[in-house]
Amino acid sequence: MRGNSFEAKVKADGGRELLRLLGVEEPGGVAVPDLTAAGPEGRVARTALALREATGSGAWTLLDHPLLALEVAGSPVYLEPDAVVVRPDGGWTVVEIKSFPTIDGSADAAKVGAAARQAAVYVLALERVAAVTEGARVAHSVLLVCPKDFSNVPTASVVDVRKQRSVTRRQLDRLTRIDEIADALPEGVDFDVAERSPEELTASVESVPHQYAPECLAACELAFHCRSRSREAGAVETLGRSVRGELGGLTTVGAVLAAARGEAGDPDDPAVAALRRARALREEALASAPARIPREHVECPC
């Protein structure tokens, strides 16, 4: 609610406050085109048309909540920045409005970093439109608007997103395309929930390898299914990616316990050496523990 209220204040009166932050002396002369259209494809096309018209006008233009499209793994994703400003010289600048405060000229570094990563994606999407628009230039720095100190007065700062843009572009280029993933599926696998029965859908899900991590629980509806399969296989990924990285070639819980007991594993392996050291420390702690504490109540550090 605070974020929506602050954004409404910044954009009130045709974006007068926002344009003041940009240094526009006469906000009344700034064009604010209507971007409404039917469906996301229509809004994307209307935004592209408004950007082309604004670039050739030689005047300031403010696009309020334009809709952009970006291809991710071969599929279009729709993005909606808070605003895009077109300068008279043809430069396009992304405006990101956030409700976290700027106190004494600085804001929370983690929140600013997250805003920069978000804005960098908008910059990449704008570059696709600029590539087919004569005279257009997308700025690699964005305007971050936040409340000043403990008031509701907006203040702006320029944030360079070149690093975030480069990282995001490399990540997008490395993603496996959706059609390549579909081609790798077993014959007969179909996930059409409208046409397939529950039994057929279950068989299709079971035929696809799982790749589980605890972070999946917050984002994927199939996380519980994959977690169950991961637990049945005794995979160490169930404990988290960081644990998986520390254990090296030990991929199952059984292999980890066997290595800790000295029943398996290369003694020169750092992961195996650490596990055996942890077991030795546990045994030492149990040996010196008071007799009233049962052994089975002492947690194993490994």
Side-chain angles (χ1 to χ4, degrees), residues 1-13 15-24 27 30 32 47 51 60-72 77-87 89 91-130 136-175 213-215 218-219 241-242:
M1 292 177 63
R2 173 178 169 81
N4 292 335
S5 174
F6 179 68
E7 182 177 341
K9 175 181 175 61
V10 173
K11 293 181 178 179
D13 298 327
R16 179 178 295 272
E17 195 72 22
L18 173 58
L19 294 167
R20 178 187 64 79
L21 296 172
L22 285 165
V24 181
V30 176
V32 184
T47 296
L51 286 168
W60 288 90
T61 303
L62 172 63
L63 277 67
D64 184 9
H65 280 288
L67 194 67
L68 307 170
L70 182 67
E71 184 178 291
V72 178
V77 174
Y78 298 106
L79 310 167
E80 188 174 354
D82 292 328
V84 172
V85 174
V86 181
R87 299 176 179 272
D89 61 358
W92 299 356
T93 302
V94 172
V95 178
E96 192 63 24
I97 302 173
K98 296 297 184 183
S99 60
F100 57 81
T102 298
I103 301 175
D104 292 333
S106 62
D108 184 283
K111 293 180 179 179
V112 172
R117 290 190 294 272
Q118 179 181 350
V121 182
Y122 300 149
V123 170
L124 286 173
L126 270 179
E127 287 177 344
R128 294 187 58 191
V129 185
R137 293 178 294 100
V138 181
H140 290 168
S141 57
V142 303
L143 189 72
L144 179 62
V145 181
C146 300
K148 183 178 181 181
D149 297 327
F150 299 99
S151 68
N152 207 33
V153 176
T155 184
S157 58
V158 177
V159 179
D160 190 336
V161 297
R162 285 178 295 180
K163 178 180 179 180
Q164 292 84 353
R165 170 186 167 275
S166 299
V167 170
T168 304
R169 186 176 61 181
R170 287 197 299 271
Q171 290 174 335
L172 291 175
D173 291 341
R174 292 168 58 186
L175 286 176
E215 295 84 359
R241 290 192 174 96
S242 59

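On a predicted model such as this, the values are computed, not experimentally measured, just so you know. Only heavy atoms go into these numbers, but all of them, side chains included; no hydrogens, no water, no symmetry mates.
Residues Pro81 and Val95 are not in side-chain contact: their nearest non-hydrogen atoms beyond the backbone lie 4.5 Å or more apart. Within the 4.5 Å cutoff, the side chain of Val30 has no heavy atoms near those of the Thr61 side chain. Annotation: side chain of Leu18 is in contact with side chain of Leu62 (closest heavy-atom distance under 4.5 Å). Residues Arg174 and Gln171 are not in side-chain contact: their nearest non-hydrogen atoms beyond the backbone lie 4.5 Å or more apart. Asp173 places a side-chain heavy atom less than 4.5 Å from the side chain of Arg169. Two residues are said to be in side-chain contact when any heavy atoms from C-beta on lie closer than 4.5 Å; Val85 and Trp92 fail this criterion. Within the 4.5 Å cutoff, no side-chain heavy atoms of Thr168 are placed close to those of Arg117.
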I would like to know whether Val86 and Leu63 meet side-chain contact (heavy atoms from CB on, under 4.5 Å); could you show each step before the answer? CA-CA 8 Å; Val86 181; Leu63 277 67; 4.3 Å; yes
Between Leu172 and Val121, is a side-chain contact (heavy atoms from CB on, under 4.5 Å) present by the stated rule, with each step listed? CA-CA 10 Å; Leu172 291 175; Val121 182; 5.9 Å; no
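Here Asp64 pairs with Lys11 under the side chain to side chain contact (heavy atoms under 4.5 Å, CB included) rule; sequence neighbours left out. Every side chain to side chain donor-acceptor pair (under 3.5 Å) that Glu96 has, sequence neighbours left out, goes to Lys98, Gln118. Annotation: side chain to side chain contact (heavy atoms under 4.5 Å, CB included) contacts of Arg170 (sequence neighbours excluded): Ser166, Val167.
In this structure, CG on Leu68 lies 9.0 Å from OH on Tyr122, to the nearest 0.5 angstrom. Remark: Leu175 CG to Glu71 CD distance equals 10.5 Å, nearest 0.5 Å.
Annotation for Arg87 and Leu22: closest pair NH2-CD2, 4.0 Å, computed over non-hydrogen atoms. Across all non-hydrogen atoms, the minimal contact from Ala69 to Ala125 is O-CB, 4.0 Å.
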Using residues 136-146 as the side-chain source, report each donor-acceptor pair under 3.5 Å to any protein atom, sequence neighbours left out, with the distance given to one decimal.
{"from": "Arg137", "atom 1": "NH2", "to": "Asp89", "atom 2": "OD2", "distance (Å)": "3.1"}
{"from": "His140", "atom 1": "NE2", "to": "Glu127", "atom 2": "OE2", "distance (Å)": "2.9"}

Just list the side-chain donor-acceptor pairs under 3.5 Å for residues 154-162, sequence neighbours left out, or say none.
{"from": "Asp160", "atom 1": "OD1", "to": "Arg162", "atom 2": "N", "distance (Å)": "2.9"}
{"from": "Asp160", "atom 1": "OD1", "to": "Arg162", "atom 2": "NE", "distance (Å)": "3.1"}
{"from": "Asp160", "atom 1": "OD2", "to": "Arg162", "atom 2": "NE", "distance (Å)": "2.9"}
{"from": "Asp160", "atom 1": "OD2", "to": "Arg162", "atom 2": "NH2", "distance (Å)": "2.6"}

Using residues 99-114 as the side-chain source, report each donor-acceptor pair under 3.5 Å to any protein atom, sequence neighbours left out, with the distance given to one decimal.
{"from": "Ser106", "atom 1": "OG", "to": "Ile103", "atom 2": "O", "distance (Å)": "3.4"}
{"from": "Asp108", "atom 1": "OD1", "to": "Ala110", "atom 2": "N", "distance (Å)": "3.0"}
{"from": "Asp108", "atom 1": "OD1", "to": "Lys111", "atom 2": "N", "distance (Å)": "3.0"}

